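Please read the structure below before turning to the comments.
The chain is numbered in sequence order, starting from 1. All of these numbers come straight from a predicted model, not from anything done at the bench.
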Amino acid sequence: MIDVLIVGAGPNGLMLACELALAGVHPVVLERHATPTREPRANGVVGQVVRLLDRRGLYTRLSGENTPPTPQPAFVFGAFPLDLTMLAENPHYVLGVPQAQLEATLAARAAELGVDLRRGHEVVDLRQRPDAVEVRLADGTRLTARFLVGADGGRSAVRRLAGIDFPGATFDRSVSRTATVTVPTSSLDPETGGLRVPGFGVVPPFQHTRTERGMIAWAPFPGRPAILSTTEWPDAPTNDETPMSLAELRASVTRVLGADVALGEPDEPGLLRRLTGQNTRIAARYRAERVLLVGDAAHVHPAIGGPGLNLGLQDAANLGWKLAATVRGWAPPGLLDTYEAERRPVAERVVMSTRAQSALIGPGDEITGLRELFAELLRTPEVTGHIAALMSGADIRYPADPGDPLAGRSAPDVVVHGDHGAVRLAELTRAARPLLLDSTGVYVEVAAPWRDRVDVVTGALRGTTATALLVRPDCFVAWSAGDADTLRAALTRHFGQPS
């Protein structure tokens, strides 16, 4: 019998497979497409998940850099530029890699860990038993697994077959058009890389520019074709049956800016996409007995601000160690149910954020007045810091002891100074095991009964005021220095009874 069957070999499914394999569970990943898709999708990873990738040793592979990630000095929210240099602690990270590269890197890592990835296999039916899930594939093959995870996107077949509702709303007011394009060199601003448009001015790079007629975004990615996109709110419905063309995008740019831009085709076929409406939905439940959902299978929302991969990849990290503990038999009662209890509120905040941003870019004098007020608020570090924490996911706090200021929050970037020199937390978490950091030496014996599943590292801690930290495999704090009894309670609550 398969331990865990994952349906969907996108970033979330592959990340989950890696997390399970690190925890000693052997997943099988099914993907209905025979080959990796070449369709351009996300253009980067945004938020605290960049730190998570660093803590799994994947950041260097993706970025090509040997240094830790650093916060981004600027970003956007609802077509407002965010100056993050005004913040004493900037939580916002950006890793500008296309989704295809992220998927390829995760697939390579999964192969290193022995994950069984089977492409060209589509799930068409499933049946749950008390001890397993049986699935039938399109070719008639039947597979049995202890658990089944749907990581198969917003139109998830697993979600539908498991009978999980997907309530929410679809708004058909907006039309977004996106394409990879070329522009004449004379149209580029040499100082900023922005798009110079006679009769309008400069469209800044990697920002959202709103006008009274719509929104435009210009993204001149280094080393790959630039992407241009627009959003409009037409009075009449758009015919989605006709293929999108570059001429259609150019006409949209002209309407949004009130000026024409010369657009050319990229050297190779690229992105050419029209999306009508915005879909916002969260699954009625993330778990139906032995079937679970991650990523877009559990929630969809507008793409503005790029929160999708931040949300989905951290779903996978949260679920991975809990599902592995359940499969291996040491999970405390109710651990697997904390996956939804912790991650649903995060999805709800992402939905709130994307809805707010969608409203702020909309047409109308009332929205313009709201934007004038909002621009004033964003001049204060307090408001900008709140928005940055919301967009990056740095404001997440899972249910925890209210008297413990660090419990439930993402672990700080601690450096441990021990007998073998200075070691970053990111170097200690690549095995995805529970970890006790102890600068006092008094907690080592307390954690000893859990030595089969909790690693202990001693040494002086830099980067935190805590003298000891218990870090979950998903790199959230389970406990920070208290007494021996509170540590035992945290170890039992998160990692079960000792052997």
Side-chain angles (χ1 to χ4, degrees), residues 19-25 51-52 54-57 317-339 342 397-499:
E19 294 291 292
L20 289 168
L22 285 168
V25 171
R51 296 170 72 216
L52 175 63
D54 181 39
R55 291 169 173 182
R56 291 296 185 263
N318 186 289
L319 175 60
W321 70 275
K322 297 172 181 178
L323 187 53
T326 304
V327 169
R328 298 188 65 187
W330 58 256
L335 180 68
L336 195 54
D337 289 329
T338 67
Y339 165 59
E342 292 183 345
R397 186 177 188 189
Y398 297 143
D401 179 1
D404 188 332
L406 295 180
R409 299 190 182 280
S410 181
D413 286 324
V414 173
V415 177
V416 182
H417 293 260
D419 295 338
H420 301 287
V423 182
R424 292 196 305 130
L425 178 66
E427 299 172 78
L428 299 172
T429 55
R430 293 178 182 176
R433 284 174 56 83
L435 179 66
L436 175 64
L437 305 178
D438 183 7
S439 67
T440 68
V442 302
Y443 299 108
V444 174
E445 289 304 315
V446 178
W450 286 267
R451 63 170 58 89
D452 62 317
R453 69 197 73 148
V454 178
D455 293 338
V456 178
V457 177
T458 58
L461 305 184
R462 301 288 183 266
T464 180
T465 58
T467 56
L469 291 172
L470 180 63
V471 181
R472 305 182 342 177
D474 58 354
C475 298
F476 277 73
V477 176
W479 169 90
S480 64
D483 56 29
D485 290 339
T486 59
L487 175 56
R488 287 191 193 92
L491 286 162
T492 304
R493 182 169 60 253
H494 290 87
F495 311 123
Q497 294 292 332
S499 299

Check whether any side-chain heavy atom of Arg472 sits under 4.5 Å from a side-chain heavy atom of Val477, and report yes or no.
no
Under 4.5 Å between any side-chain heavy atoms of Leu470 and Leu491, yes or no?
yes
Between Arg451 and Ser499, do the side chains contain an N or O donor and an N or O acceptor separated by less than 3.5 Å?
no
Nearest 0.5 Å please: distance from the CG atom of Leu437 over to the CG atom of Leu461.
6.0 Å
Applying side chain to side chain donor-acceptor pair (under 3.5 Å), which residue pairs with at least one partner in residues 477-489 are found, sequence neighbours left out?
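Counting only pairs at least two positions apart or across chains, the side chain to side chain donor-acceptor pair (under 3.5 Å) contacts touching residues 477-489 are Asp404-Ser480, Trp479-Thr486, Asp483-Thr486, Asp485-Arg488.
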Please collect all side chain to side chain donor-acceptor pair (under 3.5 Å) contacts where either partner lies in residues 436-445, sequence neighbours excluded, each pair once.
Asp438-Thr440
Ring centre gap for Phe495 and Trp321 strictly below 6.0 Å
yes
Would the distance check show the side chain of Trp450 and the main-chain N or O of Gly496 forming a donor-acceptor pair, the cut-off being under 3.5 Å?
yes
Tyr398 and Asp474: CA distance, side-chain angles, deciding distance, side chain to side chain contact (heavy atoms under 4.5 Å, CB included) verdict:
CA-CA 12 Å; Tyr398 297 143; Asp474 58 354; 4.3 Å; yes
salt_bridge(Arg51, Asp413) N-O dist < 4.0 Å
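Yes, charged N to carboxylate O under 4.0 Å.
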Would you mind checking if Glu19 and Lys322 are paired as a salt bridge, meaning a charged N to carboxylate O distance below 4.0 Å?
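Judged by the 4.0 Å cut-off on N to carboxylate O distance, Lys322 and Glu19 do not form a salt bridge.
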Has Arg430 got more than 12 heavy atoms of other residues, nucleotides or ligands less than 6.0 Å from its CZ?
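Yes, the 6.0 Å shell around CZ holds more than 12 heavy atoms from other groups.
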Between [X] and [Y], what is the shortest heavy-atom contact and its length?
X	Y	value
Ala478	Arg493	O-NH2, 4.3 Å
Ala432	Pro473	O-CB, 3.3 Å
Asn318	Glu342	ND2-OE1, 2.9 Å

